[in-house]
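We use all heavy atoms of the structure for the numbers below, so side chains are in, but hydrogens, waters and symmetry mates are not. Just so you know, these numbers come straight off a predicted model, no measurement behind them. Every number for a ligand or one of its atoms is a count from 1 in the order of the listing.
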Amino acid sequence: MILSDSRILEEIEKGTIKIEPYDRQCLGSNSYDVHLGKHLATYREHILDAKKHNEIEVFEIPDDGFVLYPHIFYLGVTEEYTETHAHVPFLEGKSSTGRLGIDIHATAGKGDVGFCGHWTLEISVKQPVKVYKGMPVGQLIYFPVEGEIEIKYNQKKNAKYSGQPDRPVESMMWKNKF
Ligand SMILES: Nc1ccn([C@H]2C[C@H](O)[C@@H](COP(=O)(O)OP(=O)(O)OP(=O)(O)O)O2)c(=O)n1
């Protein structure tokens with residue numbers, strides 16, 4: 001089951017879903033449109049190492065847009081800060097974004113109950129494409145959860161991406177023990 005527009009509105013009123021900034025126009029029949037924040041980032045090194053802290057270079061998208069290229073992997077961020085306290089939020093692309101050859105996540109679309117923060121986007125493109133800050137880029141959908149959650153994401157000690165700021169956040173895989 002996915003929450004409908006009226007159910008998303010009810011949860012916003014209850015405070016179990018928070019979306020800031022919020023605009024009623026962005027609420028679809030069963031999703032909420034999120035927008036590209038003003039910062040993008042790329043990794044400093046060409047060869048990444050899953051055991052190491054790979055650092056990123058953050059830069060601002062100029063007012064007249066920024067061209068993304070297929071051979072470069074970008075991290076982006078949603079303009080929206082969200083909190084989801086009782087449902088599982090999923091970040092999906094928009095069809096209009098997909099039709100421009102833009103993927104907004106590499107493998108992780110699922111969020112966690114209790115996630116609070118801006119969403120980091122894992123962006124790759126099929127052909128060069130100019131993007132703009134504030135453009136609609138994805139949509140959040142919400143699934144009800146079966147059963148009690150023992151520990152919500154924002155209560156977990158080792159949650160790596162809790163409270164993400166309005167800038168892209170690099171992989172914290174290096175914090176995993178393996
Ligand atoms: N494209 C995405 C997908 C998820 N998230 C956020 C919402 C999730 O609640 C949080 C953690 O996502 P995962 O559980 O997939 O991440 P990890 O398992 O790598 O991290 P952790 O060990 O902290 O759970 O990151 C994000 O910012 N951007």
**Item:** Check: Gln25 main-chain N/O paired with Asp23 side-chain donor or acceptor under 3.5 Å
**Value:** yes

**Item:** Flag, side chain of Ser124 to backbone of Asp103, donor-acceptor distance under 3.5 Å
**Value:** no

List below, pair by pair, the N or O atoms of ligand 1 and of the protein that are less than 3.5 Å apart, including the distance to 0.1 Å; reply 'none' if no pair qualifies.
unit_1: ligand 1; atom_1: 1 (N); unit_2: Ala108; atom_2: O; d: 2.9
unit_1: ligand 1; atom_1: 1 (N); unit_2: Thr120; atom_2: O; d: 3.3
unit_1: ligand 1; atom_1: 1 (N); unit_2: Glu122; atom_2: OE2; d: 3.4
unit_1: ligand 1; atom_1: 9 (O); unit_2: Asp112; atom_2: N; d: 3.0
unit_1: ligand 1; atom_1: 9 (O); unit_2: Asp112; atom_2: OD2; d: 2.6
unit_1: ligand 1; atom_1: 14 (O); unit_2: Asp112; atom_2: OD2; d: 3.3
unit_1: ligand 1; atom_1: 20 (O); unit_2: Lys160; atom_2: NZ; d: 3.4
unit_1: ligand 1; atom_1: 22 (O); unit_2: Lys160; atom_2: NZ; d: 2.7
unit_1: ligand 1; atom_1: 23 (O); unit_2: Tyr153; atom_2: OH; d: 2.6
unit_1: ligand 1; atom_1: 23 (O); unit_2: Lys160; atom_2: N; d: 2.8
unit_1: ligand 1; atom_1: 27 (O); unit_2: Thr120; atom_2: N; d: 2.9
unit_1: ligand 1; atom_1: 27 (O); unit_2: Gln164; atom_2: NE2; d: 2.8
unit_1: ligand 1; atom_1: 28 (N); unit_2: Thr120; atom_2: O; d: 2.8

**Request:** For the pair His71 and Tyr69, name the ring-plane relationship: parallel under 30°, tilted 30 to 60°, perpendicular over 60°.
**Result:**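 Correct class here is tilted.
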
**Request:** List, by chain and number, the other hydrophobic cluster members for Tyr43, where Ile, Leu, Val, Met, Phe, Trp and Tyr join if side-chain heavy atoms come within less than 4.5 Å, directly or indirectly.
**Result:**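 So far as hydrophobic clustering goes, Tyr43 is joined with Leu48, Ile56, Val58, Phe73, Leu75.
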
**Message:** Through direct or indirect side-chain contacts below 4.5 angstrom among Ile, Leu, Val, Met, Phe, Trp and Tyr, which residues connect to Phe178?
**Reply:** Met173

**Prompt:** Under the ring pair (Phe, Tyr, Trp, His ring centres under 6.0 Å) test, which residues partner Tyr32, sequence neighbours left out?
**Reply:** Tyr22

